[in-house]
Engineer: 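Here it is, the structure, as structure tokens.
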Amino acid sequence: MKLLRLLPIPVVLVLSLLGGCATKPPAYDYSAFQKAKPATLLVMPPVNESPDVKASPGVWAQATRPLAEAGYYVLPVTLVDETFKQNGVSSPNEAQDIPYPKLREFFGADAAVYIRVKKYGTTYQVLASDTRVEVDARILDLRTGALLWEGNAVASSAEQQQQQQGGLIGLLVSAVVQQIVGTATDAAFNYAGIADVRLLGAPRYNGVLPGPRSPLYGQTPQTQ
Amino acid sequence: MKALEAESISSVSEQHVQKAPDLGAKRSHSLAMASICNDVQGAFGVMSGHDRNTLSLLLWARRVALGGGIAVLVGCAAKGPGPLYMWESFPKQQYEALQRVGYSPDEQIRLLEAHAEKALGAHAALPPGFRAHLGMLQLGAGNVDRARELWMAEKTAFPESAAYMDHLLKKLDAPAKSAKTETPA
């Protein structure tokens with residue numbers, strides 16, 4: 001077969017691609033996470049550092065899916081929002097400052113997810129626009145206050161522009177992104193969805209561990 | 001219906017992702033190789049050496065490899081089963097409810113009930129919080145009994161929610177303080 005003759009070149013390319021994965025940061029220390037075994041998660045209203053007022057609801061609303069698909073019960077964010085408001089907690093900053101035993105008492109969750117939105121929205125330049133969502137998160141055990149996990153993620157429309165420059169990775173990401181762009185008036189909300197999956201989805205290298213409702217629950221964390 | 005549109009689009013990309021693991025790591029790697037190989041040839045202008053069949057095979061391989069590649073990107077080799085829940089436009093509905101403006105609770109109740117019916121027909125599970133959210137909307141529309149039912153149903157479907165649901169149910173049944181509304185406090 002003609003294909004076989006061509007193998008050496010692709011092998012090198014694939015290895016270099018894998019090399020990209022291999023040079024990732026050192027493996028996360030999951031000992032606290034594995035000991036805590038959280039099942040119920042309270043996603044706190046995300047603190048917004050961007051100028052876009054839709055950042056907090058956008059990132060918040062998109063956080064449930066990856067965590068639920070990762071095997072956790074996620075408390076309904078709209079009711080959580082209502083509960084905070086009714087108790088005079090009007091901003092995400094205020095909510096995130098509430099002492100953890102109080103949260104445990106109110107919501108009965110095992111752990112809380114504290115998200116910060118660092119960038120959110122579209123910036124317009126002369127020739128191009130960039131829709132970008134940057135988030136980071138910490139998961140705290142609400143029974144002990146221990147830090148169980150932290151991580152960060154980015155999603156950007158510039159990933160698609162990389163593809164036009166010929167990068168293989170850009171090509172692959174754009175296949176996902178392309179289908180989203182152009183259909184939504186609220187583009188950042190879709191990128192919030194991508195960013196939240198990259199931030200909170202499982203299994204991912206150094207990501208959140210699969211929860212009790214996942215078929216992958218209890219398996220050793222991904223090491224590559 | 002923008003919400004539904006956006007949702008069906010995002011589920012298309014999910015299907016790609018779910019499909020990829022079925023291919024098996026080896027197969028998708030080799031296909032990825034074929035794909036890259038195809039690109040390299042294109043770049044070096046050696047395409048002419050191929051007959052038609054090989055070319056179409058390569059194009060096909062490239063398409064399949066793209067699926068595998070996406071899986072690599074999404075999870076850096078995410079090997080997982082299919083989704084646990086049927087999401088439809090639920091995240092979008094929550095987003096709109098969180099913003100409290102420009103959405104109609106009645107329209108949302110209609111959408112979510114259609115969603116629930118679809119899930120029932122497909123034997124798919126409803127996501128965590130779905131029943132609770134719908135219960136909140138029903139309460140906003142004055143249907144206290146329906147709200148109570150739905151919050152109980154959330155508890156049954158997800159016992160993990162019991163503490164919070166009990167908290168809400170207690171408030172619902174406290175005679176004086178049942179004036180919970182949709183509007184910001």
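Residue numbers start from 1 in every chain, and the chains themselves are labelled A, B, ... in the order their sequence lines are given, proteins ahead of strands.
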Engineer: Using a 4.5 angstrom heavy-atom cutoff, name the option from A/Ala61, A/Gly71, A/Pro212 with the most pairs to chain B.
Structural biologist: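 Ranked by heavy-atom pairs under 4.5 Å with chain B, first place is A/Ala61.
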Engineer: For A/Arg213 and B/Glu160, run salt bridge (Lys or Arg N to Asp or Glu O under 4.0 Å): C-alpha distance rounded to whole Å, both residues' side-chain angles, the deciding distance at 0.1 Å, then the answer.
Structural biologist: CA-CA 11 Å; A/Arg213 288 180 174 271; B/Glu160 301 99 312; 2.6 Å; yes
Engineer: Of all of A/Gly58, A/Gly108, A/Ala68, which one pairs up most often with chain B through heavy atoms under 4.5 Å apart?
Structural biologist: A/Ala68
Engineer: Under a 3.5 Å threshold, yes or no: a donor from one side chain and an acceptor from the other, between A/Glu69 and B/Trp87?
Structural biologist: yes
Engineer: Report yes or no: do A/Thr83 and B/Tyr164 form a side-chain donor-acceptor pair below 3.5 Å?
Structural biologist: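 The answer is yes; a qualifying pair exists.
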Engineer: Quick check for you: among A/Thr78, A/Asp81, A/Leu67, A/Thr40, which has the greatest number of heavy-atom pairs under 4.5 Å with chain B?
Structural biologist: A/Thr78
Engineer: Who wins among A/Gly193, A/Gly207, A/Pro57 for the most heavy-atom pairs under 4.5 Å with chain B?
Structural biologist: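 That would be A/Pro57.
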Engineer: Less than 4.5 Å to any heavy atom of chain A: does that hold for the side chain of B/His133, its backbone, both, or neither?
Structural biologist: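 It is both, since atoms from each part get that close.
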Engineer: Non-hydrogen atoms of chain B under 4.5 Å away: do they reach the side chain of A/Phe189, the backbone, both or neither?
Structural biologist: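 Side chain only.
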Engineer: Judged by modelled atom types alone, do A/Glu134 and A/Tyr191 share a side-chain donor-acceptor pair under 3.5 Å?
Structural biologist: no
Engineer: Under 6.0 Å between ring centres, would you say that holds for B/Phe158 and A/Tyr72?
Structural biologist: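 So the answer is no for these two rings.
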Engineer: Counting only heavy atoms closer than 4.5 Å, note whether A/Val53 contacts chain B via side chain, backbone, both or neither.
Structural biologist: neither
Engineer: Would you check if the distance from the ring center of B/His115 to the ring center of B/Phe130 is below 6.0 Å?
Structural biologist: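 Ring-ring flag for B/His115/B/Phe130: true, centres closer than 6.0 Å.
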Engineer: Examine whether an atom of B/Ala125 lies under 4.5 Å from a heavy atom of chain A, and if so say whether it belongs to the side chain, the backbone or both; otherwise answer neither.
Structural biologist: neither
